[in-house]
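Below is one structure, written out as structure tokens, with a few remarks after it.
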Amino acid sequence: MIPTLLRRGGRLSIAAALLTVSVLACAKGNIVILATGGTIAGSGASSANSASYQSAKVAVDQLIAAVPELQNVASVRGEQVFQIGSESFNNERLLQLGKRVSALLKQNDVDGVVITHGTDTLEETAYFLNLVIPSTKPVVVVGSMRPGTAMSADGKLNLYNAVSLAVSPDARGKGVLVSMNDEIHTARDVAKSVNIKTEAFRSPWGPLGLVVEGKNYWFRAPVKRHTTASEFNIDRIEKLASVEVVYGYGNMNEQAYRAYVGNGAAAIIHAGTGNGSVASQIVPVLQELRGKGVQIIRSSRVTGGGFVLRNAEQPDDKYDWIVAHDFNPQKARILAAVAMTRTSDSKELQRIFWEY
Ligand SMILES: NC(=O)CC[C@H](N)C(=O)O
């Protein structure tokens, strides 16, 4: 471009060329970091405190200031949405965060959003956003396992990778992503699998790729419906359905199921043993609750790859129950809570569990 302009000669052309070059050099994408708390905003008493510290202490502007390298990859600004441990997320906070993400992504001056988040329920928020945000712009959810005050803290690099991922054109249209420990995961699959190590997040079907020194290396892409291909849209959701999880174990009793339904639960996620199996004394209870209109959704408490199929272990067709397929119980709760804003038909709900 410059030689062409120079050949045409004249001072104006040279000035235009220089202006174009400097605009191109500065044309970094705009990323908004929505901070919600967690260990990535944590602070400990000493640098040796990698595991005992207080989460949700450091404000978003301090997080950004601590990584000046962010400004090399994007124009970054922050908003403090919450300052909480992610165990204190609830449906109202999910909706508030989702609506803010959706509003930001509609702006022409926003190219992507990074959400800093505690790791305990990170996979639930990320999957929720994956279902309801109608945008191809990247949304990257990131946390850390050590507070910024600790030796070998992982937050800075995780944040740098998350921002460089969020500003990448090749991250568009891949649904909500989780970037931790140099890996890129789809929000659909990823789950916190270890609670003390920096390699805390795993996807049973593998990560989508790696991010190394701000460059993405992709190996696969999500095939399930998400974001712009989803039938759910945060802009049309004002309240999530009441869905509760009951954990399966030996010596099960019926009290938790009945208590939740008595309190208005529209669906119960049965976090069953193995294949989502149901103890013989619980089967008639779940049949009775289904008869009252409550949806019964069988999932597995198995970590790292639960997989529940219809009519395996229990006759789901006969009982009109639903299976959660490969979703862990907490993600099954999110999907059911979103899906039941649109339908209370069990066949439709089962279709949704296969498709998303
Ligand atoms: N590593 C973490 O982020 C855990 C801290 C806290 N329990 C949270 O989820 O926010």
Side-chain angles (χ1 to χ4, degrees), residues 33-64 66-67 78-98 100-101 113-130 139-163 165-166 176-185 187 189-203 207 211 245 247 303-304 328-331 333-334:
I33 298 181
L34 297 180
T36 71
T39 297
I40 196 164
S43 179
S46 89
S47 59
N49 288 120
S50 61
S52 44
Y53 54 85
Q54 286 191 292
S55 74
K57 286 282 155 205
V58 181
V60 64
D61 290 341
Q62 282 173 270
L63 292 182
I64 293 171
V67 193
E79 284 181 24
Q80 193 77 50
V81 185
F82 311 119
Q83 188 62 291
I84 59 171
S86 68
E87 60 277 7
S88 300
F89 256 81
N90 55 24
N91 290 353
E92 291 69 34
R93 287 187 165 126
L94 283 179
L95 292 173
Q96 186 184 332
L97 178 65
R100 186 65 193 131
V101 172
V113 166
V114 169
I115 297 160
T116 57
H117 201 292
T119 53
D120 290 357
T121 64
L122 187 151
E123 73 219 48
E124 297 173 45
T125 300
Y127 184 51
F128 172 72
L129 298 173
N130 195 53
V139 176
V140 182
V141 191
V142 63
S144 79
M145 295 306 292
R146 297 175 181 149
T149 44
M151 284 185 276
S152 288
D154 52 334
K156 282 187 184 184
L157 183 56
N158 284 351
L159 186 60
Y160 178 78
N161 283 343
V163 169
L165 180 61
V176 174
L177 302 169
V178 171
S179 169
M180 295 269 300
N181 201 38
D182 300 348
E183 291 180 339
I184 306 167
H185 293 263
D189 292 350
V190 77
K192 187 173 185 178
S193 306
V194 184
N195 68 321
I196 197 81
K197 295 157 85 173
T198 51
E199 53 174 331
F201 282 79
R202 284 190 206 134
S203 295
V211 47
V245 180
Y247 198 83
T303 54
N328 67 25
Q330 57 271 31
K331 283 199 178 159
R333 184 191 81 86
I334 294 288

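We count ligands from 1, going down the list as the structure has it; atoms in each ligand are counted the same way.
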With sequence neighbours left out, write down each residue that passes ring-ring contact (aromatic ring centres under 6.0 Å, His included) with Y53, or none if nothing qualifies. none
Taking the side chain as C-beta and beyond, is there a heavy-atom pair between T36 and F89 under 4.5 Å? yes
G118 neighbourhood, listing ligand 1 atoms whose heavy-atom distance to it stays under 4.0 Å: 3 (O), 8 (C), 9 (O), 10 (O)
Per-atom filter on ligand 1: closer than 4.0 angstrom to a heavy atom of G38 are 10 (O)
Would you please test N181 and D154 for side-chain contact (heavy atoms from CB on, under 4.5 Å) and show each step? CA-CA 8 Å; N181 201 38; D154 52 334; over 6 Å; no
In terms of atom number and element, which parts of ligand 1 are under 4.0 angstrom from non-hydrogen atoms of E87? 6 (C), 7 (N), 8 (C), 9 (O), 10 (O)
Sub-4.5 Å side-chain heavy-atom contact between F201 and T119: yes
Using a plain distance cutoff, I'd like to know if S86 has any nitrogen or oxygen under 3.5 Å from a nitrogen or oxygen of ligand 1. yes
Say whether D120, considering both its backbone and side-chain N or O atoms, lies within less than 3.5 Å of an N or O atom on ligand 1. yes
Answer yes or no: is there a donor N or O on one side and an acceptor on the other, between the side chain of Q80 and the main chain of F82, under 3.5 Å? yes
Best match, T39, D154, I196: closest heavy atom to atom 2 (C) of ligand 1: T39
May I ask you to list the atoms of ligand 1 that are less than 4.0 angstrom from any heavy atom of S144? 1 (N), 2 (C), 3 (O)
If you measure from the Lys or Arg side-chain nitrogens to the Asp or Glu carboxylate oxygens, is any gap between E79 and R100 under 4.0 Å? yes
Please say whether T119 places an N or O atom under 3.5 Å from an N or O atom belonging to ligand 1. yes
